[in-house]
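In this text, all values refer to a predicted model and were calculated from it rather than measured experimentally. Start at 1 with the first residue, then count along the sequence. No hydrogens, no waters, no symmetry mates; every other heavy atom, side chains included, goes into these values.
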Amino acid sequence: MSTLTEVAHTLVSNGRGILAADESIGTMSSRLESVGVEPTEENRRVYRELIVTTPKLSDSVSGIILADETLRQKLSNGQTFPEALADIGVLAGIKVDTGAKPLAGAPNEKVTEGLDGLRERVGEYRRLGATFAKWRAVFTIGAGLPTNRAVRANAHALARYAGLCQEGGLVPIVEPEVLMDGGHSLAQCQQVTRAVLRSLFDELALMQVDFDSMILKPNMVVAGADSSERPAVAEVAQATVDALRETVPPSVPGIAFLSGGQSPEVATSHLGAMQNLDPLPWELTYSFGRALVGPALETWRGNHGKWGAAQRALSERAVANAAARAESKG
């Protein structure tokens, strides 16, 4: 059995990244409806089967984060999703939080819940074949936001989650997302991202989380979606790496960026530009959801005749991101 450190390094090594297919039932149903597909349990299962059976996916993807529903389902051939992934050399992960809810006394801010019963759920997920987990916290930039209350509450929850995962045998992916929503500048995003990461690693250290057995999944430092500022790709890459240098311990094996609403092409460009900067102590990779599978969903639209074309669309995005990781100076 691999150690947690070995699993963590596997997730970010060999030029591969992590695919996020962990949308909640509600979110996945909405995405199916948006392309004209009835949001049934079977259609959600079929769509996820399309993803995990994509030819040569393991060349570019090291792990797939699944939802609770999917972890318990089976493919058409009778295999469970973790069994099918193990056969192709891809690790199965599981989202363990139960969503972001309003934070008491903090209007317009949220705290992610799901700690109750987590120790028992981690044990069950291990028995079902999961090797790593994910917990997402969200932070909004605005007038006086995020508050210190929201930053500390979410950092504390992330640290408790990470500790429970390591205790139970799962590698935690720790996801603090500074949202792209709003009109903030690149500099404001960098300031907030830096503050969130500092608080997070303080809490992780307090909970005695092993940094070498976890993966960080942060946002890239970008201007807000409604901002008139349009930073160049190189500016985003530099601002992101600078924030990470100041806050992330070198013992963390890897940083797997979320796309955070960026287009597939833009997210890939930013990832590639970071590889051109001075050598860093961690692997820089991707843990994209929509930026990987969005084109596949748009192509498939519930039409089995489009199955192969949809898988090719997914493969193209995965290969492009793996190629971005391989970029080097000169």
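- The closest donor-acceptor contact from the side chain of Arg160 to the backbone of Met207 lies at 3.5 Å or more, if one exists at all.
- Grouping the Ile, Leu, Val, Met, Phe, Trp and Tyr side chains by contacts below 4.5 angstrom, directly or via other members, places Leu50 with Ile64.
- Phe139 and Leu244 end up in different hydrophobic clusters when Ile, Leu, Val, Met, Phe, Trp and Tyr side chains are linked at under 4.5 Å.
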Legend entry - Gln73 and Glu49: CA distance, side-chain angles, deciding distance, side-chain contact (heavy atoms from CB on, under 4.5 Å) verdict: CA-CA 10 Å; Gln73 292 175 326; Glu49 179 169 344; over 6 Å; no
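- In this structure, a donor-acceptor pair under 3.5 Å is absent between the side chains of Gln190 and Asp242.
- Using a 3.5 Å distance cut-off with no hydrogens or angles, the side chains of Asn321 and Ser60 do not pair a donor with an acceptor.
- For Gln191, the CD atom sits in a loose shell: 12 or fewer heavy atoms of surrounding residues, nucleotides or ligands are nearer than 6.0 Å.
- A single hydrophobic cluster is not seen to contain both Val178 and Val174; linkage of ILVMFWY side chains at heavy-atom distances under 4.5 Å, directly or through other members, places them apart.
- The shortest heavy-atom contact between Phe211 and Ser251 is CB-OG, 3.3 Å.
- Checked against Asp22 for a salt bridge (charged side-chain N to carboxylate O under 4.0 Å, His left out), the options Lys95, Lys134, Arg44 give a single hit: Lys134.
- Under a hydrophobic clustering in which Ile, Leu, Val, Met, Phe, Trp and Tyr are joined whenever their side-chain heavy atoms come within less than 4.5 Å, directly or via other members, Val52 and Val319 fall into different clusters.
- Using a 4.5 Å cut-off on side-chain heavy atoms (C-beta onward), Thr80 and Leu128 make no contact.
- With Val241 as reference, Leu277 is the one residue of Ile255, Leu277, Asp278 to meet the side chain to side chain contact (heavy atoms under 4.5 Å, CB included) rule.
- For the pair Tyr161 and Val96, the minimum side-chain heavy-atom distance is below 4.5 Å.
- Side chains of Phe257 and Thr240 form a contact here, defined as non-hydrogen atoms less than 4.5 Å apart.
- One finds the OH atom of Tyr286 at 11.5 Å from the CE atom of Met220 (value rounded to the nearest 0.5 Å).
- Scanning both residues, Ala273 and Ala237, for their nearest heavy atoms gives CB-CB, 3.6 Å.
- Judged purely by atom type and a 3.5 angstrom limit, Arg301 has no side-chain atom pairing as donor or acceptor with the backbone of Gly36.
- You'll find the side chain of Pro172 stays beyond 4.5 Å of the side chain of Trp135, heavy atoms only.
- The main-chain N or O of Ala310 is never found under 3.5 Å from a side-chain atom of Thr299 such that the two would form a donor-acceptor pair.
- In this structure, Ser259 contributes its side chain and Gln262 its backbone to no donor-acceptor pair below 3.5 Å.
- Counting heavy atoms of neighbouring residues, nucleotides and ligands inside a 6.0 Å radius, atom CZ of Arg152 does not exceed 12 of them.
- The environment of Asp116 atom CG is sparse: at most 12 non-hydrogen atoms of other residues, nucleotides or ligands sit within 6.0 angstrom.
- Between Ile51 and the choices Leu292, Leu297, Val293, Thr70, the side chain to side chain contact (heavy atoms under 4.5 Å, CB included) rule is met once, by Val293.
- For Asn108, the CG atom is loosely surrounded, since the number of other residues' heavy atoms within 6.0 Å does not exceed 12.
- For the pair Thr247 (side chain) and Arg194 (backbone), a donor-acceptor distance under 3.5 Å is absent.
- A continuous path of ILVMFWY side-chain contacts below 4.5 Å connects Val90 to Leu19, so both sit in one hydrophobic cluster.
- Between Glu167 atom CD and Cys165 atom SG the span is 10.0 Å, to the nearest 0.5 Å.
- When all heavy atoms of Gly302 and Val37 are compared, the closest pair comes out as N-CG2, 3.5 Å.
- A donor-acceptor pair under 3.5 Å is formed between the side chain of Thr285 and the backbone N or O of Arg16.
- Between atom CG of residue Asp202 and atom NE2 of residue His156 there is a gap of 13.5 Å, rounded to the nearest 0.5 Å.
- Within the 3.5 Å criterion, the main-chain N or O of Asp210 finds a donor-acceptor partner in the side chain of Gln166.
- We find that Glu42 and Arg45 are joined by a salt bridge, their nearest charged nitrogen and carboxylate oxygen being less than 4.0 Å apart.
- Rounding to the nearest 0.5 Å gives a distance of 5.5 Å between CG of Leu271 and CZ of Phe288.
- From Leu158, atom CG reaches atom CG of Leu115 across 9.0 Å, with rounding to the nearest 0.5 Å.
- Inter-residue side-chain proximity for Leu186 and Cys189 is flagged as unmet; no heavy-atom pair is nearer than 4.5 Å.
- Residue Leu103 comes nearest to Ala150 through the heavy atom pair CD2-CA, 3.6 Å, listed as atom of the first residue, atom of the second, then distance.
- Between Arg290 and Glu298 there is no salt bridge, since no side-chain N of the basic residue sits under 4.0 Å from a carboxylate O of the acidic one.
- Side-chain contact check for Ile65 versus Glu175: every heavy-atom pair is 4.5 Å or farther apart.
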Inset, instruction - Step by step, work out the side-chain contact (heavy atoms from CB on, under 4.5 Å) result for Tyr47 and Val35. - result: CA-CA 12 Å; Tyr47 169 64; Val35 295; over 6 Å; no
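- Proximity of a side-chain donor or acceptor of Gln275 to a complementary backbone N or O of Leu284 within less than 3.5 Å is detected.
- The closest donor-acceptor contact from the side chain of Ser62 to the backbone of Ser58 lies at 3.5 Å or more, if one exists at all.
- A distance-only check finds no donor-acceptor pair linking the side chain of Ser199 to the backbone of Val196 [under 3.5 Å].
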Inset, instruction - Could you give me the CA-CA distance, side-chain angles and deciding distance for Asn219 and Leu258, then say whether side-chain contact (heavy atoms from CB on, under 4.5 Å) is met? - result: CA-CA 6 Å; Asn219 54 282; Leu258 55 88; 4.1 Å; yes
Inset, instruction - Kindly indicate, with the supporting measurements, whether the criterion side-chain contact (heavy atoms from CB on, under 4.5 Å) is fulfilled by Phe201 and Leu216. - result: CA-CA 10 Å; Phe201 279 99; Leu216 178 67; 4.2 Å; yes
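- Surrounding NZ of Lys74 are at most 12 heavy atoms belonging to other residues, nucleotides or ligands under 6.0 Å away.
- Between Val151 and Ala195, the shortest heavy-atom distance links the atoms CG1-O, 4.4 Å.
- Using a 4.5 Å heavy-atom cutoff, the side chains of Arg325 and Glu283 are in contact.
- In plain terms, the two heavy atoms of Asp212 and Pro253 that are nearest each other are O-CG, 3.3 Å.
- Contact check on Arg198 versus Glu246 returns a salt bridge, with a Lys/Arg side-chain nitrogen under 4.0 Å from an Asp/Glu carboxylate oxygen.
- For Arg245, the CZ atom is densely surrounded, since the number of other residues' heavy atoms within 6.0 Å is greater than 12.
- Proximity of Pro146 to Glu109: side-chain heavy atoms (C-beta onward) are separated by under 4.5 Å at one or more points.
- Rounded to the nearest 0.5 angstrom, Leu11 CG and Thr131 OG1 are separated by 6.5 Å.
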